[in-house]
Amino acid sequence: MFFIFGLRTKVVRSGVVTEVCRNCGNQAAQVITRRVTKFSLFFVPLIPLRTRYAQQCTFCGAEYDISRAEAERLPVG
């Protein structure tokens, strides 16, 4: 008997906000994403292990992690 297991990460785009980028300093659209990594058994995602939120500048492409509270605070449009 054998088991097929692994990790699967799903990226969900939460929305877009217009803010000043921390990296380049330009007023540009910032894409907010949520990444959820789950343990999967026989290709079925079962247990969420980690959730991360990120913000990416559409002008310079810089991406940085943000907290859950900050992601929920942003006025996503």
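FYI, the numbering just counts along the sequence from 1.
- Shortest non-hydrogen contact noted between N26 and F59 is ND2-CE2, 2.7 Å.
- In this structure, I32 CD1 and I66 CD1 are separated by 4.5 Å, a value rounded to the nearest 0.5 Å.
- Distance CZ/R73 to CZ/R68: 15.0 Å, rounded to 0.5 Å.
- The pair R22-E70 counts as a salt bridge, with a side-chain nitrogen and a carboxylate oxygen less than 4.0 angstrom apart.
- Of all heavy-atom pairs between F43 and I4, the closest is CZ-CG2, 3.8 Å.
- Between K38 and P48, the closest heavy-atom pair is CG-CA, 3.7 Å.
- Taking each heavy atom of N23 and A62 in turn, the nearest pair found is ND2-CB, 3.5 Å.
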Test Q55 against E19 for side-chain hydrogen bond (donor to acceptor under 3.5 Å, both in side chains), laying out the working first. CA-CA 10 Å; Q55 184 172 348; E19 282 190 345; 3.1 Å; yes
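- Expressed to the nearest 0.5 Å, how far CD of E63 lies from SG of C57 amounts to 11.0 Å.
- Counting only distance, with no hydrogens or angles, the side chain of T51 and the backbone of V36 share no donor-acceptor pair below 3.5 Å.
- Within a 6.0 Å sphere centred on OH of Y64, other residues, nucleotides and ligands contribute more than 12 heavy atoms.
- Between F3 and L41, the closest side-chain pair of non-hydrogen atoms falls below 4.5 Å.
- In this structure, T37 contributes its side chain and L49 its backbone to no donor-acceptor pair below 3.5 Å.
- Of all non-hydrogen atoms in F2 and F42, the two that sit nearest each other are O-CZ, 3.7 Å.
- Note that the OG atom of S40 and the CZ atom of R8 stand 5.5 Å from one another [nearest 0.5 Å].
- Taking both residues in full, the closest heavy atoms of A54 and R35 are given as CB-NH1, 3.6 Å, listed atom of the first, atom of the second, then distance.
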Step by step, work out the side-chain contact (heavy atoms from CB on, under 4.5 Å) result for D65 and R52. CA-CA 7 Å; D65 293 335; R52 292 177 42 212; 3.1 Å; yes
